[in-house]
Asker: 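This structure is in structure tokens; I'll ask about it shortly.
In this chain, residues are counted from 1 in sequence order.
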Amino acid sequence: MLLGTVLVLLLFSAAPASAHAALRGTDPDDGSVVQRAPRHLTLTFTESVGLLDDSFRVFGPDQRRVHTGEAEHADGRSDTARVGLPGKLARGTYTVAWRVVSADSHPVSGAFTFSVGKRSATSAQIDTGPDEDPLTGGLHDAARYLAYLAAALLVGTVAFALLCRPADTAPLRRPLVAAWWTLLGSTAALLLLRAPYETGAGPAAAFDLSALERTLTSRPGLGLLARLAVLLLTAAFLLRLSRRRDHHEPLMRAVGATLAVALALTWAAAEHASAGIQVPVAMTSSVLHLVATGVWLGGLVALLLTLRRASVEALTEVVPRFSRIAFASVTVLAVTGLYQSWRGLGTLDALTGTSYGRLLLAKLVAVTALLLAAGYSRRWTARLAAPAATARTAAAERVPQPVGVGASAQSEVPGEPGESGGAGASGATGEAGEPGEPQEPKAPEEPRKPSGTPEPVPGSGEEDPRRRGLRRSVLVEVAVAAVVLLITTLLTTTLPGRAQAEAAQRPPVGALPPTTLVTVPFDTGGGTLSGRGTVQATLDPARVGENGVQAVVYGADKGLVVVPEVRITFSLPSREVGPIDAKLTDVGGYWSANSVNLPLAGTWTMKTTVRVSDVDQVTVSKRVRIAP
């Protein structure tokens, strides 16, 4: 009941959205200037996000951290994050660093700015919170890989025992026990490391009880708890399997298949398949892909162990069965892998233009090598099965055929009882075995191997070369399979190409808007130092739309100077737009304009007029680039 409840929570809390959360919008808007201080900060994402204790870090114009309330979802919507602000905020620019956990279990972070009343002359350095701790990240990735490896071995070994039906299952007991304990340990490690992985803290934070409590109520935490529950049920199943009887096999296969699907669901419900387009289809495909991977790759290990101890006669039954199962698994992997690749990439350009696509290409190369090794193994399988098929055909031919009515069933070997004067058996017609008729000599039979002759011992030098060749090719398959699982682990932690393309279509998030600094030297003439200097003009964010402009005047001695007037205008000659007056105002020490609307992208001409006295002024032109 507990397992069913946890899996239902996992499945039905998976909202259809882009894998890896992307910031869709903020309130206040990124880079905006508001006249009144907002009471809340609200972020809207492209998918459901989980909140952390330190999801928001707000810094004021003085670069000190602003006290905020507790982060929560706005209006109960899981794709939003909101935090309360103090009642009074000083005028100037504020920077907001955020960090949340996307629906596919990966933490994402970024930053944006807004200003109250006016922009500050200088902005605080954005702190997006702690980066991922290398040790925590390494331990987390290692635990994920071990979990994949153990799950494949567990599913594949059980499937091999139930479907291939080897006469001796003793070689499979140790890998079953090792796989179960490894999956249990790696799952427990992932559960403990979840909190520091999300917050970017060191491994010591894994023992923070409050953080662990938060993990146990999150989507990834529920997935890991469900996996532990499935493992407990699997332990009971394995104990029952060790005492199974033949008439219980259909039931055992059904139970084993159910547990394998449930185990795969604990991954599918908390990773890429649970977010993005076509979620139900994607999760079904993911479950089938994971189960087929386990049946094939884990079954290879089971086959390798069986090859070391089973007799040739036993292998001629087991190996062809696994060959057919492996072929079916590869077919499922090909179909589901093709669908998942399309869903993750989106476009062919992403295959080489994104990290996800390049990892997918590497996996394709590894899988191709695996299929080549599998084809080589199939040839050894055919060679191993050929003598057994020949022996069965020969045995069928030696079965006595029914004789005619009245014929005596006598021995065909001379000298046996039932012979008549050394002749063959006489039938009712008298056509065979006439006295004195010469008999055609029989070809000598090949000496038969005594039934009690033992099989060659593996490693003794007398081992069947066919079995030795098959074992070597399967060993190559197992080695390449480990590489395939490693690449699969990396793929699950990489932003899919489709999501990366969606994020690229939105304005950059997670950094300050781009700022253009223009240095304008001026000289009003007359040869006096008071008529020479520079104006440093800052255009923020230098994009189409509303921009802020600040100008600071420096004298010839590089010190700040006070002048009667600074005027800046913008024009776009290629489109015959302008001049647009920035309407700078003196705000004490520098000149500023909070809202200058530049409607088109392109290279604009910025004219700066500096008046140092009633009669001395100069205008200098500079070209600035306004991005789309």
Asker: What pairs with Val287 under side chain to side chain contact (heavy atoms under 4.5 Å, CB included), at least two apart in sequence or on another chain?
Answerer: Val261, Ala264, Leu265, Ala268, Val291
Asker: Tell me if a side-chain donor or acceptor on Asp75 pairs with a main-chain N or O of Arg77 at a distance below 3.5 Å.
Answerer: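 Judged by distance alone, no pair lies under 3.5 Å.
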Asker: Nearest heavy-atom pair of Gly69 and Val83: which atoms, and what distance?
Answerer: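 Smallest heavy-atom distance, with atoms named: O-CG2, 3.2 Å.
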Asker: Measure the spacing between CZ of Phe56 and OG1 of Thr68 and express it to the nearest 0.5 Å.
Answerer: 8.5 Å
Asker: Quick one: salt bridge (Lys or Arg N to Asp or Glu O under 4.0 Å) partners of Arg174, sequence neighbours excluded?
Answerer: none
Asker: Are Leu228 and Leu184 close enough that some pair of their side-chain heavy atoms sits under 4.5 Å apart?
Answerer: yes
Asker: For Leu176, which residues count as a side chain to side chain contact (heavy atoms under 4.5 Å, CB included) partner, sequence neighbours excluded?
Answerer: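 Expected list: Leu154, Thr157, Val158, Leu238.
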Asker: Closest approach of Ala74 and Thr80, non-hydrogen atoms and distance?
Answerer: N-OG1, 2.9 Å
Asker: Taking all non-hydrogen atoms of both residues into account, name the closest pair between Gly223 and Thr266 and its distance.
Answerer: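 Closest pair (atom of Gly223, atom of Thr266, distance): O-CB, 3.6 Å.
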Asker: Residues in side-chain hydrogen bond (donor to acceptor under 3.5 Å, both in side chains) with Ser285, at least two apart?
Answerer: Gln340
Asker: Supply the atom-to-atom distance Leu305 CG to Leu300 CG, rounded to the nearest 0.5 angstrom.
Answerer: 11.0 Å
Asker: Among residues at least two apart in sequence or on other chains, which ones pass salt bridge (Lys or Arg N to Asp or Glu O under 4.0 Å) with Glu70?
Answerer: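 Checked Glu70 against salt bridge (Lys or Arg N to Asp or Glu O under 4.0 Å); zero matches.
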Asker: Any chance you could lay out the side chain to side chain contact (heavy atoms under 4.5 Å, CB included) test for Leu191 and Leu216, step after step, and finish with the verdict?
Answerer: CA-CA 8 Å; Leu191 199 58; Leu216 295 178; 4.0 Å; yes
Asker: Can you name the residues that form a side chain to side chain contact (heavy atoms under 4.5 Å, CB included) with Leu192, not counting sequence neighbours?
Answerer: Ala206, Leu212
Asker: Minimum heavy-atom separation for Leu52 to Ala71, with atom names?
Answerer: O-CB, 4.3 Å
Asker: Under a 3.5 Å distance rule, please check whether Ser55 uses its side chain to pair with a backbone N or O of Arg99 as donor and acceptor.
Answerer: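 Side chain of Ser55 to backbone of Arg99: a pair is present.
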Asker: I would like to know whether Leu51 and Val100 meet side chain to side chain contact (heavy atoms under 4.5 Å, CB included); could you show each step before the answer?
Answerer: CA-CA 5 Å; Leu51 302 179; Val100 296; 3.9 Å; yes
Asker: By salt bridge (Lys or Arg N to Asp or Glu O under 4.0 Å), which residues pair with Arg173, not counting sequence neighbours?
Answerer: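 In terms of salt bridge (Lys or Arg N to Asp or Glu O under 4.0 Å), with neighbours along the sequence ignored, Arg173 is linked to no residue.
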Asker: Keeping to residues at least two apart or across chains, list the salt bridge (charged side-chain N to carboxylate O under 4.0 Å, His left out) pairs with something in residues 198-212.
Answerer: Arg194-Glu198
Asker: Evaluate the criterion side chain to side chain contact (heavy atoms under 4.5 Å, CB included) for residue pair Val155 and Thr293; output intermediate values, then yes/no.
Answerer: CA-CA 9 Å; Val155 171; Thr293 299; over 6 Å; no
Asker: Less than 4.5 Å apart, any side-chain heavy atom of Leu183 and any of Leu231?
Answerer: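 Touching, per the 4.5 Å side-chain cut-off.
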Asker: Please set out all donor-acceptor pairs under 3.5 angstrom arising from side-chain atoms of residues 363-372, sequence neighbours excluded.
Answerer:
| unit_1 | atom_1 | unit_2 | atom_2 | d |
| --- | --- | --- | --- | --- |
| Lys363 | NZ | Thr488 | OG1 | 3.3 |
| Thr368 | OG1 | Leu364 | O | 2.7 |

Asker: Main chain of Ala282, side chain of Ser286: is a donor-acceptor contact present, judged purely on distance under 3.5 Å?
Answerer: no
Asker: To the closest 0.5 Å, what do you measure between CG (Leu239) and OG1 (Thr234)?
Answerer: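 The CG atom of Leu239 sits 11.0 Å away from the OG1 atom of Thr234.
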Asker: Under 3.5 Å, is there a donor-acceptor pair between the side chain of Thr136 and the main chain of Pro196?
Answerer: no
Asker: Between His140 and Tyr197, how do the two ring planes meet: parallel, tilted or perpendicular, split at 30° and 60°?
Answerer: parallel
Asker: Using the side-chain hydrogen bond (donor to acceptor under 3.5 Å, both in side chains) criterion, which residues pair with Thr336? Sequence neighbours excluded.
Answerer: His289
Asker: So, for Arg227 and Ala147, which heavy atoms are closest and what is the spacing to 0.1 Å?
Answerer: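 That would be NH1-CB, 4.3 Å.
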Asker: Under a 4.5 Å cut-off applied to non-hydrogen side-chain atoms, are Val335 and Tyr339 in contact?
Answerer: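 The answer is no, as the side chains (C-beta and beyond) never meet within the 4.5 Å cut-off.
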Asker: Mind listing the closest non-hydrogen atom pair of Leu172 and Ala161 along with its distance?
Answerer: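 Shortest heavy-atom separation between Leu172 and Ala161 comes out as CD1-CB, 4.0 Å.
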Asker: Please identify each residue that fulfils ring-ring contact (aromatic ring centres under 6.0 Å, His included) with Phe160, with sequence neighbours left out.
Answerer: Phe322
Asker: Can you tell me if Ser323 uses its side chain to pair, donor with acceptor, with the backbone of Val319 under 3.5 Å?
Answerer: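 Side chain of Ser323 to backbone of Val319, a donor-acceptor pair under 3.5 Å: no, none is there.
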Asker: Listed by chain and number, what are the side chain to side chain contact (heavy atoms under 4.5 Å, CB included) partners of Ala152, not counting sequence neighbours?
Answerer: Leu485
Asker: Has Arg144 got its NZ or CZ under 6.0 Å from the middle of the six-membered ring of Trp267, at an angle within 45 degrees of the ring axis?
Answerer: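 Not flagged: Arg144 not positioned over aromatic ring of Trp267.
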Asker: Checking Leu241 against Leu162 for the side chain to side chain contact (heavy atoms under 4.5 Å, CB included) test, could you report, in this order, the C-alpha distance in whole Å, the side-chain angles of both residues, the deciding distance, and whether it holds?
Answerer: CA-CA 9 Å; Leu241 183 64; Leu162 291 176; 3.4 Å; yes
Asker: With rounding to the nearest 0.5 Å, note down the distance linking OG1 in Thr258 to CG in Leu263.
Answerer: 12.5 Å
